[in-house]
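One structure is given below, encoded as structure tokens.
Basis for what follows: all heavy atoms, side chains included, without hydrogens, waters or symmetry-related copies. Residues: numbered from 1 along the sequence shown.
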Amino acid sequence: MPSQIKVDEIKNVAGQYEIKTNTFKGQTTGGSIAVQGEGSATTNLQQGLCKMWINFDPDTIEDSFNVASHTDVATGQFRPIVTNAFSGTENRATVVAIQNNRSEPYVRHESTTDCRIYIYDEAGGAHFDEQYYMIGTGVLA
């Protein structure tokens, strides 16, 4: 039987509540850390995290997290490739924001590691000369 330590408060040696750690796991299973949210609501810490994001233009990734690369597929079509795969294509949400209001994005999840972003202007034509921001949430494999 594993040992248990039961306490009401943990403070570091300086008497502060901030504690540094490199590993933080749920009590008995991965994905079981509940965090107090607004009011009395709680949320699952692992599910509530952003799993990938990218800031890019057609030629360059400006900055990213969990993104290995991106490809300019065609005019108005981009394909970011994530480093750590999602567990599936249907249980994830991806949001694309564009620096201006003239374009409309559409995202199609191709596989657990990539998706295709389609950008159209107000007239329905492919549009590509902007700065794009994308975030993805879901469960990683």
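- When all heavy atoms of Phe56 and Ile61 are compared, the closest pair comes out as CB-CA, 4.0 Å.
- Listed for the His109 side chain is no donor-acceptor partner under 3.5 Å among the backbone atoms of Arg116.
- In this structure, Val13 is not a member of the same hydrophobic cluster as Ile10, with clusters built from ILVMFWY side-chain heavy atoms closer than 4.5 Å.
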Should Arg92 and Cys115 be marked as a side-chain contact (heavy atoms from CB on, under 4.5 Å) after you check the CA-CA gap, both sets of side-chain angles, and the distance that decides it?
CA-CA 11 Å; Arg92 63 194 237 215; Cys115 63; 4.0 Å; yes
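- Checked options Pro80, Ser64, Pro105; the residue passing with Met134 is Pro80 (criterion: side chain to side chain contact (heavy atoms under 4.5 Å, CB included)).
- At distances below 3.5 Å, at least one donor-acceptor pair connects side-chain atoms of Lys51 with backbone N or O atoms of Gly138.
- Classified by interplanar angle (parallel below 30°, tilted 30° to 60°, perpendicular above 60°), the ring pair Tyr106/Tyr118 is tilted.
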Verify side-chain contact (heavy atoms from CB on, under 4.5 Å) between Ile119 and Phe78, making sure each step is shown before the conclusion.
CA-CA 8 Å; Ile119 309 292; Phe78 307 98; 4.0 Å; yes
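- The minimum heavy-atom distance between Val107 and Val96, with the atom names listed, is CG2-CG2, 3.4 Å.
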Could you please spell out the steps behind the side-chain contact (heavy atoms from CB on, under 4.5 Å) verdict for Ile54 and His70?
CA-CA 9 Å; Ile54 182 172; His70 98 295; 4.2 Å; yes
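- Summarising the geometry of Asn66 relative to Leu140, their closest heavy-atom pair is ND2-CD2, 4.1 Å, with the distance given to 0.1 Å.
- In the model, Asn55 has no side-chain atom that pairs as donor or acceptor with a side-chain atom of Asp63 under 3.5 Å.
- Of all heavy-atom pairs between Ala85 and Thr113, the closest is CB-CG2, 3.5 Å.
- The shortest side-chain heavy-atom distance between Asp114 and Thr71 does not fall under the 4.5 Å cut-off.
- Looking only at distances, a side-chain donor or acceptor of Ser87 sits under 3.5 Å from a matching main-chain atom of Val139.
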